[in-house]
Amino acid sequence: MNNSFDLNKILRPHILNLAPYSSARDEYTGHVGIFLDANENPYGSVTPENFNRYPDPYQADIKKKLAPLKNISTDQIFLGNGSDEPIDLLIRATCTPSKDRVIILPPTYGMYEVSASIHDVHIDKVPLSEDYQIRVDAVLSAITPDTKIIWICSPNNPTGNVMQDEAIMAILENFSGLVVVDEAYVDFTDKPSWIGRLSAYPNLVVLQTFSKSWGLAGLRAGMCFASKELVKILNKIKSPYNISQPAQAALLAGLDATDKMENMVKEILEQREVLCTMLEKLSLVNKVYPSDANFLLVKFDDARSVMDYLLNETIIVRDRSKVLLCEGCLRISVGTQEENVALIEALKAFEEKKEII
Ligand SMILES: Cc1ncc(COP(=O)(O)O)c(C=O)c1O
């Protein structure tokens with residue numbers, strides 16, 4: 001290991017010394033009794049189901065179910081309001097505004113840049129190579145004494161590919177800040193998660209989400225796996241009750257339905273294959289990029305007019321044609337069999353229309 005990672009040096013000094021808010025549910029963790037400590041409404045709620053009590057601030061029951069699934073201890077799990085919350089909190093914990101810096105590897109997920117900008121944190125961009133891999137030497141050269149986080153998305157959004165292990169390892173071993181591997185799409189690849197390497201790399205942070213494979217985007221629930229020292233810090237700076245009671249209840253039920261999640265993933269993977277084959281047959285498609293995610297990046301002759309035609313047919317895809325290294329590309333989520341057929345039929349109709357003109 002060529003780095004001198006020390007969490008205490010990476011954290012903003014005032015965060016290290018911060019006395020967190022102590023909620024009523026922090027101070028009394030029992031489940032029975034007459035609860036007169038949190039200024040709640042004792043009569044219930046205005047809704048048929050009661051939500052009058054504050055939820056568990058640390059989501060202990062969920063972590064107990066999640067830990068064996070991820071083969072990690074509960075104190076290495078942080079749960080957030082979507083994985084967008086830990087993205088924000090990691091920057092808050094480590095980056096002093098208008099001083100510190102983060103490195104992102106475009107084209108990639110937009111929130112790393114937006115969250116850094118919100119905090120007035122400088123962003124150094126090291127574009128991926130033409131084949132969407134990490135240019136390790138360029139990344140290592142971009143590191144400054146003020147660089148606190150390097151964001152790696154694997155499988156990457158919007159390109160869909162997994163980053164090479166050796167590249168991530170080289171960065172982990174040669175950078176003394178946090179390396180965040182965002183695995184929002186990990187369940188759609190057969191490559192193993194980086195969670196298994198957390199004990200080897202104290203500067204590694206892994207993000208996952210319930211929004212994709214679990215089908216729970218509307219709940220807003222994301223996972224962050226890290227050293228227990230860093231998880232403690234994230235718990236200290238989050239808002240006290242960041243996962244709502246209904247979200248916690250739904251997550252608890254969802255975690256018992258792993259077979260349903262696996263079946264949906266299997267279906268999406270089959271549909272990804274079918275959709276890819278159908279798209280490749282169309283003459284207006286230049287290239288379908290290989291995908292380890294639940295979407296395809298597709299290059300068209302004229303992406304904007306394809307997008308407009310599809311919009312007119314109320315088929316909505318994501319225009320990535322202005323994004324660096326994605327010129328001419330649309331990002332298309334894998335739909336159900338019926339949705340994918342409708343998309344292909346619309347694209348065929350567009351092709352025919354163009355031939356007539
Ligand atoms: C790579 C990546 N990370 C994180 C997220 C955010 O996920 P969540 O819904 O958990 O906030 C997304 C959402 O599309 C994503 O693509």
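One-based numbering, in listed order, for ligands and for the atoms of each. For reference, positions follow the sequence shown, starting with 1.
- A ring-centre distance under 6.0 Å is not found for F295 and F188.
- Under 4.0 angstrom from ligand 1, the non-hydrogen atoms of S83 come from both its backbone and its side chain.
- Under 4.0 angstrom from ligand 1, the non-hydrogen atoms of Y185 all belong to its side chain.
- Aromatic ring pairs are classed by plane angle as parallel below 30°, tilted from 30° to 60° and perpendicular above 60°; the pair Y241 and Y54 is parallel.
- Nearest protein heavy-atom neighbour of atom 3 (N) of ligand 1: D182 OD2, 2.6 Å.
- Each of the following atoms of ligand 1 lies closer than 4.0 Å to a heavy atom of C153: 1 (C).
- Of the candidates D146, D124, T147, D124 is the only one forming a side chain to side chain donor-acceptor pair (under 3.5 Å) with R101.
- Residue S211 approaches ligand 1 through these ligand atoms, each under 4.0 Å from one of its heavy atoms: 8 (P), 9 (O), 10 (O).
- The structure places CG of L330 at 5.0 Å from CZ of F300, a figure rounded to the nearest 0.5 Å.
- Other residues sharing the hydrophobic cluster of I34, ordered by chain and number and joined by side-chain separations under 4.5 Å: L36.
- Residue R220 approaches ligand 1 through these ligand atoms, each under 4.0 Å from one of its heavy atoms: 8 (P), 9 (O), 11 (O).
- Between D84 and ligand 1, a contact under 3.5 Å exists for at least one N or O pair.
- For Y109, no nitrogen or oxygen atom sits less than 3.5 Å from a nitrogen or oxygen atom of ligand 1, counting backbone and side chain alike.
- Taking every heavy atom of K212 and a limit of under 4.0 angstrom, the matching atoms of ligand 1 come to 13 (C), 14 (O).
- Listed by first then second residue, pairs satisfying side-chain hydrogen bond (donor to acceptor under 3.5 Å, both in side chains) with a partner in residues 260-279 read Q271-N340, not counting sequence neighbours.
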Inset, instruction - Could you check I87 against V180 for side-chain contact (heavy atoms from CB on, under 4.5 Å), going step by step and ending with a plain yes or no? - result: CA-CA 9 Å; I87 290 173; V180 182; over 6 Å; no
